[in-house]
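We count ligands from 1, going down the list as the structure has it; atoms in each ligand are counted the same way.
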Amino acid sequence: MASILHPASPSQSRPGRFGVYGGRYVPETLVYALDELEREYEAAKADAAFHAELNALLHDYAGRPTPLYLSKRLTEQLGGAKIYLKREDLLHTGAHKINNALGQGLLARRMGKKRVIAETGAGQHGVATATVCALLGLDCVIYMGDVDMERQALNVQRMRLLGAEVRGVSSGSKTLKDAISEAMRDWVTNVRTTYYLLGSALGAHPYPTMVRDFQRVIGRELKEQILAKEGRLPAAIIACVGGGSNSIGAFYEFIPDRAVRLIGVEAGGRGTALGEHAARFQGGAPGVLQGTYSYVLQDEDGQIALTHSVSAGLDYASIGPEHAMLHDSGRAEYVSCDDATALDAVVKLARTEGILPALESAHAVAEALRIAPALIPHDILVVNLSGRGDKDMGILARELKL
Ligand SMILES: *Cc1c(COP(=O)(O)O)cnc(C)c1O
């Protein structure tokens with residue numbers, strides 16, 4: 001249930017709060033673990049050796065910096081704004097998730113935890129976590145909903161090949177929310193030996209802040225690259241929003257640049273009725289889910305609604321609390337894109353640029369396709385291409401009758 005609490009007013013903002021949102025709504029047994037995590041993270045943040053090791057891995061292992069690619073043919077065909085793609089899809093393991101998994105993996109090792117657990121939706125975070133655990137010699141258990149295990153079967157096999165144990169979750173909607181609940185249950189039980197490597201800018205403090213910090217590198221590079229190429233900032237940055245980590249990573253550096261529109265794209269699914277989509281800002285209301293106060297899709301009694309999206313990575317009933325603040329303040333805009341439009345965007349990008357985007361990322365591509373024609377050539381649109389589409393081939397083959 002999403003309890004309707006009345007958290008601190010924005011003027012009483014504390015660490016871990018984004019305006020009224022965020023916070024730490026967890027069982028007593030996890031408070032100590034979260035305090036420990038926060039302390040260790042603050043210490044790591046202040047440690048030059050930690051940053052040096054992380055940066056070396058991001059560079060030599062993960063493949064940073066990722067290119068900022070001018071999408072010439074798409075730009076020509078749409079006849080409006082100049083479109084750039086930030087190529088997170090080119091990272092090792094195929095999505096932005098590795099940025100955060102490397103950061104938290106190093107933190108787990110620093111804390112002396114030998115066992116790592118994680119949840120996964122599309123399987124990209126599970127693969128990134130299994131990869132980092134193999135690299136650092138840590139035991140790895142991944143929780144994944146049964147529905148997601150079926151629709152992202154390739155990633156299940158990848159995780160197993162990497163040496164991780166994948167535990168299916170058959171409760172609730174059998175998707176990301178239920179995988180997070182199981183991971184939290186495991187953590188409560190094994191908190192002394194176990195590090196919980198959360199995959200998005202979600203959950204109890206310090207996760208939303210920490211995950212954002214590990215993904216900030218996207219926006220930092222992006223700003224440098226666009227200034228070097230164009231000598232000016234983009235008119236808009238567009239990113240898909242599941243839990244909100246690739247989007248907050250792309251947006252964060254630009255929050256003070258008021259002229260840059262920040263556009264988050266949620267999953268519109270197959271309809272506007274509750275249960276048919278995962279657009280938290282179109283039908284959701286403030287509430288608590290899985291440790292944090294944010295927008296939640298829920299019924300009148302506060303029961304968490306089922307969600308649907310063709311993309312497993314966007315299929316979640318809540319959204320990172322920093323986005324809730326950016327939404328309410330108007331600094332970022334949030335729109336939604338339905339399943340069919342996202343599928344069209346996959347085909348369009350594949351056939352125009354030879355790039356096969358993840359279904360999640362295709363939601364952001366679709367929004368660029370929608371708004372670019374009405375803009376002028378001086379305007380620059382940057383799409384954060386959060387991941388590649390190989391993992392989605394099963395769904396694409398079925399939906400597009402390939
Ligand atoms: C996990 C995932 C997402 C959604 O998660 P965020 O935390 O919102 O970024 C989006 N795109 C890809 C490719 C993913 O793997």
> Going by distance alone, is a donor N or O of one side chain under 3.5 Å from an acceptor N or O of the other, for Thr66 and Lys86?
Replying inline: yes

> Can you check whether Lys391 has an N/O within less than 3.5 Å of an N/O in ligand 1?
Replying inline: no

> Identify the closest protein heavy atom to atom 12 (C) of ligand 1: which residue and atom is it, and at what distance?
Replying inline: Ser386 OG, 3.5 Å

> Hey, which atoms in ligand 1 end up nearer than 4.0 Å to a heavy atom of Ser200?
Replying inline: 6 (P), 7 (O)

> Does at least one non-hydrogen atom of Gly244 fall below 4.0 angstrom from an atom of ligand 1?
Replying inline: yes

>> Tell me the contacting part of His96 for ligand 1: side chain, backbone, both, or neither, using a 4.0 Å heavy-atom threshold, strictly below.
In response: side chain

>> Side chain, backbone, both or neither: which applies to Ser245 and ligand 1 if a contact is any heavy-atom pair less than 4.0 Å apart?
In response: both

> Testing Tyr196, Tyr195, Tyr41, Tyr207 for side-chain hydrogen bond (donor to acceptor under 3.5 Å, both in side chains) with Gln104, which one passes?
Replying inline: Tyr195

> So, Glu182 and Arg167, do they make that salt bridge, N to O below 4.0 Å?
Replying inline: no

> Do Arg73 and Glu76 meet the salt-bridge criterion of a basic N to acidic O distance under 4.0 Å?
Replying inline: no

> Does the pair Arg115/Asp186 count as a salt bridge with the N-to-O cut at 4.0 Å?
Replying inline: yes

>> Distance under 4.0 Å to a non-hydrogen atom of Gln124: what atoms of ligand 1 satisfy this?
In response: 15 (O)

> Taking N or O atoms only and a 3.5 Å limit, does Gly242 qualify as a polar contact for ligand 1?
Replying inline: yes

> Is the shortest distance from a Lys or Arg side-chain nitrogen in Glu88 or Lys97 to a carboxylate oxygen in the other one below 4.0 Å?
Replying inline: no

> Just which atoms of ligand 1 are under 4.0 Å from any heavy atom in Glu360?
Replying inline: 10 (C), 11 (N), 12 (C)

> Nearest protein heavy atom to atom 4 (C) of ligand 1, by residue and atom, and its distance?
Replying inline: Gly313 O, 3.4 Å

> Under the salt bridge (charged side-chain N to carboxylate O under 4.0 Å, His left out) criterion, do Glu38 and Arg24 qualify, and how do the steps go?
Replying inline: CA-CA 12 Å; Glu38 185 179 2; Arg24 187 184 275 177; 3.2 Å; yes

>> Taking CD in Glu150 as the centre, count heavy atoms belonging to other residues, nucleotides or ligands within less than 6.0 Å. Is the count above 12?
In response: no

>> If you measure every N or O of Gly199 against every N or O of ligand 1, does any of those distances drop under 3.5 Å?
In response: no

>> Looking only at protein heavy atoms, which one is nearest to atom 14 (C) of ligand 1, and what is the separation?
In response: Lys97 NZ, 2.9 Å

> Between Arg151 and Asp315, does at least one N-O distance fall below 4.0 Å, as a salt bridge requires?
Replying inline: yes

> Going by the atom numbers of ligand 1, which of them fall below 4.0 Å from some non-hydrogen atom of Gly387?
Replying inline: 13 (C)

> Can Cys240 be said to touch ligand 1, with heavy atoms closer than 4.0 Å?
Replying inline: yes

